[in-house]
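What you see is a predicted model; the values in this text were computed from it and never measured. All residue numbers in this chain count up from 1 along the given sequence. Just follow the structure's listing: the first ligand is 1, and inside any ligand the first atom is 1.
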Amino acid sequence: MSTSTPASSTSVLVVNSGSSSVKYQLVDPASGDAIASGIVERIGDALGSVKHVAHGDTTRREVPVPDHAEALRLVLGLFDEIGPDLASANVVAVGHRVVQGGDLFDGPTLVTPEVEQQIEELSPLAPLHNPANLTGIRVAQALLPDVPHVVVFDTAFFRTLPDAAATYAVEASVAAEHKVRRYGAHGTSHQYVSQQVAQILDRPLEDLHQIVLHLGNGASASAVRGGVAVETSMGLTPLEGLVMGTRSGDVDPAVVFHLHRNAGMSIDEIDDLLNRRSGVKGLAGESDFRALHDLVAEGHAGARLALDVYLHRLRKYVGAYHAVLGRLDVITFTAGIGENDDIVRLGALSGLEALGIEVDAARNEGRKSEPTVISPDGAKVTVLVVPTNEELAIARQALDVIGA
Ligand code: ADP
């Protein structure tokens, strides 16, 4: 990540508050640069850790961080002590990432008491995330009361999914009462990347039929027609869809009944199994793809199978979304694995030549920190790598809301 002195006179503080961590970034929305960034981790443990990156230097501290209020106080203290000075950085808004906006939010929204209450009401749909997001919002408002706070929802970009894509074929009255439908996630990244693609290719967004593959620890695919999301792989929660670092992605729901009835596992144990002990980690023992490739090279059968299952699922989704879109112009890889892992990019799209999808091995090679075309010249489908930047997207959406 690049850090620099502000190129414009305003900045936005972006806060991503998790259950035991707070990530933050002070963004110059004009240049897109991160002026400073950091993370507070292990909130609530005996000893927490703080990392603050500013002026090209990294400061690390190990201190007790009992709660989110102390975490954000620590962050503001580091800005005071090490810089940059928040007053001179002219923070015009605080942008908060919120995971679940349910069917209530289709775009970024100014925080009001009513909005806070709605985020709370949506907590049953994201019990680990929304309460932590809300705590971060409340603490940040108390500490920075003079700037507007804006929430940006991970689900908002997918409010446009057609009913045919968003609906589970589950008894309608039960689904309606309990808000069981497909909401998607990672929407800020899918929206940002699909808009970037149009700029990079210098083509109108309205004309493009795109597939975006966001492959990080969590992974999701989306189909975007003319800038509008029409399909995505995550559902009620981020568990559905692609194979991920520790999540299974798609399984027959009957796996849950089977494990409950026959293995005596509780619902909480199965939740933990499918969200934290499955995916690539569950098959290979490692969730990081660098370690996974090392194991494959050593001949580890579980790692080979994990990679094959991961690539097979990706290829299957690409084919399905090609069918959903009817015509396909662009496939874009983004996030930690999408930007850095040439083996995954090549493997995921191999065998799809009949669909006009090809990757040029030489162009694909290596990590990509800049937008890069990796398909051959003249290919029917352009394959791209585009680095995502959720913080910048949140900062710019926050500015849109406050009209700056
Ligand atoms: P998230 O934001 O979901 O936590 P990221 O988008 O940061 O995740 O992606 C993290 C993942 O990216 C790591 O777990 C690792 O598997 C993968 N990754 C990062 N760097 C590389 C690399 N050089 N080669 C292969 N995979 C990488």
Exercise: do Asn262 and His258 side chains pair donor with acceptor under 3.5 Å: yes
For atom 24 (N) of ligand 1, closest protein heavy-atom neighbour: Arg290 CG, 3.5 Å
Polar proximity ligand 1 side, Asn217 side, N/O cut 3.5 Å exclusive: yes
Contact check, side chains of His214 and Glu390, non-hydrogen atoms, under 4.5 Å: yes
Sub-4.0 Å protein heavy atom near atom 2 (O) of ligand 1: no
Gly218: numbered ligand 1 atoms lying under 4.0 Å from its heavy atoms: 3 (O)
Glu370: partners by salt bridge (charged side-chain N to carboxylate O under 4.0 Å, His left out), with sequence neighbours left out: none
Per atom 23 (N) of ligand 1, closest listed option by heavy atom (Asn340, Asn16, Val280): Asn340
With sequence neighbours excluded, residues passing salt bridge (charged side-chain N to carboxylate O under 4.0 Å, His left out) with Asp45: none
Contact atoms of ligand 1, heavy-atom distance to Phe289 under 4.0 Å: 15 (C), 16 (O), 26 (N)
Short side-chain donor-acceptor distance under 3.5 Å, Ser20 and Glu41: no
Whether His52 and Phe79 hold their rings parallel, tilted or perpendicular, with breakpoints at 30° and 60°: perpendicular
Which residue and heavy atom of the protein sit nearest atom 13 (C) of ligand 1, plus the separation: Asp288 OD2, 3.8 Å
Region of Arg367 engaging ligand 1 - heavy atom pairs below 4.0 Å: side chain
Arg42 with Glu62: basic N within carboxylate O range, under 4.0 Å: yes
Nearest neighbour of atom 18 (N) of ligand 1 from the list Gly245, Pro387, Gly216, Gly336, on a heavy-atom basis: Gly336
Protein heavy-atom partner closest to atom 17 (C) of ligand 1 - residue, atom, separation in Å: Ile337 CG1, 3.4 Å
